[in-house]
Amino acid sequence: MTPPPPAPLPSSATAAGSGLARPPLVPTVPPVVAVRPTSARALRHVALGVLAFFAGGILGLPAATRSLAPAAGTAVGVASMALAAAGVVLLLRRWGRSLVAEIELGYTTSRPRTASWWLRNGPKRGRSVVWDLAGLWFLRPSGEVRAAPLPTPHPPGWYASPRDPARLELWTGCQWSGLLGARTDGLLPR
């Protein structure tokens with residue numbers, strides 16, 4: 001059974017009364033783009049990292065095997081691809097942190113349909129999360145408005161978790177992300 005949206009949960013009222021969680025506020029006027037890098041720019045960096053990974057595999061592996069002994073060349077090529085893959089993972093996490101920071105401020109510069117970038121304390125591996133960010137301001141990195149927020153009773157943000165009322169969980173606008181807020185990597189609201 002899927003947990004219900006944030007508002008009808010008794011844990012939300014309990015947490016709000018204790019000061020643990022506040023309902024996310026979407027500004028009535030377009031906010032200033034304050035998060036750097038913006039999630040749009042961080043997402044472009046992810047795309048470039050993926051291209052670098054494949055370019056390293058397509059171009060680097062054959063070049064390394066030609067200039068070195070076959071076993072050593074293969075090892076160098078595989079190591080460079082592993083390094084590029086690790087870079088993509090770090091860039092993906094940076095994009096996720098930028099996106100969550102923007103959500104906390106009531107806007108976004110990128111609108112993913114499905115995404116998950118966390119490795120622990122989130123949904124099961126391999127399961128992507130559906131996002132509906134239409135309840136937030138959609139801005140260009142320059143601050144220009146691309147779309148005003150649509151009225152929604154449950155904008156994306158941190159709410160008391162239906163799984164653990166003492167912790168915050170990120171609501172994506174249409175489902176619980178599984179990302180719990182007792183983290184120290186910048187994902188908790190201040």
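Positions are given from 1, in the same order as the sequence printed here.
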Notebook entry, point to check: What's the verdict on side-chain contact (heavy atoms from CB on, under 4.5 Å) for Trp176 and Trp171, showing C-alpha distance, side-chain angles and the deciding distance?
Noted result: CA-CA 5 Å; Trp176 292 103; Trp171 172 256; 3.7 Å; yes
Margin query: Do Trp158 and Glu169 pair up side chain to side chain, a donor and an acceptor below 3.5 Å, judged on atom types alone?
Written below: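 Note: Trp158 and Glu169 side chains miss the donor-acceptor criterion.
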Check: Do you see a donor-acceptor pair shorter than 3.5 Å between the side chains of Ser39 and Ser98?
Finding: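 No, no side-chain donor-acceptor pair sits under 3.5 Å.
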Check: Quick check: does any side chain N or O of Trp137 sit under 3.5 Å from a backbone N or O of Ala147, one acting as donor and the other as acceptor?
Finding: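 No, Trp137 side chain to Ala147 backbone: no donor-acceptor pair under 3.5 Å.
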Heavy-atom pair with the smallest gap, counting every atom of [X] and [Y]:
X	Y	value
Ser110	Leu43	CB-CD2, 4.3 Å
Thr172	Ser177	CG2-CB, 3.9 Å
Val26	Gly106	CG1-O, 4.1 Å
His45	Leu91	O-CD1, 3.4 Å
Val32	Tyr107	O-CE2, 3.8 Å
Val33	Leu139	CG2-CD1, 3.8 Å

[X], [Y]: one ILVMFWY side-chain cluster at the under-4.5 Å cut-off?
X	Y	result
Leu48	Phe53	no
Val35	Val145	yes
Trp95	Leu51	no
Phe138	Ile103	no

Mind checking whether [X] and [Y] have side chains closer than 4.5 Å, heavy atoms only?
X	Y	value
Trp131	Cys174	no
Thr38	Arg41	yes
Leu133	Leu99	yes

Next item on the list: Begin from the C-alpha positions of Arg140 and Thr109 and carry the test side-chain contact (heavy atoms from CB on, under 4.5 Å) through to its verdict.
Entry: CA-CA 6 Å; Arg140 295 190 187 282; Thr109 57; over 6 Å; no
Notebook entry, point to check: Rounded to the nearest 0.5 Å, how far apart are CZ of Phe54 and CE of Met81?
Noted result: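 Interatomic distance, Phe54 CZ to Met81 CE, rounded to 0.5 Å: 7.5 Å.
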Next item on the list: Mind checking the CZ-CG spacing from Arg97 to Leu92? Nearest 0.5 Å is all I need.
Entry: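 Going from CZ on Arg97 over to CG on Leu92, the span is 10.0 Å.
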Checklist line | Arg111 atom CZ, over 12 foreign heavy atoms within 6.0 Å | finding: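 Enclosed: over 12 neighbouring heavy atoms sit under 6.0 Å from CZ of Arg111.
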Item checked: Residues, nucleotides or ligands: over 12 heavy atoms within 6.0 Å of Arg113 CZ ->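 No, CZ of Arg113 has 12 or fewer neighbouring heavy atoms, counting only those of other groups under 6.0 Å.
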Note to self: One pair to check against side-chain contact (heavy atoms from CB on, under 4.5 Å): Glu104 and Val100. What are the steps and the verdict?
What the structure shows: CA-CA 6 Å; Glu104 290 174 2; Val100 169; 3.8 Å; yes
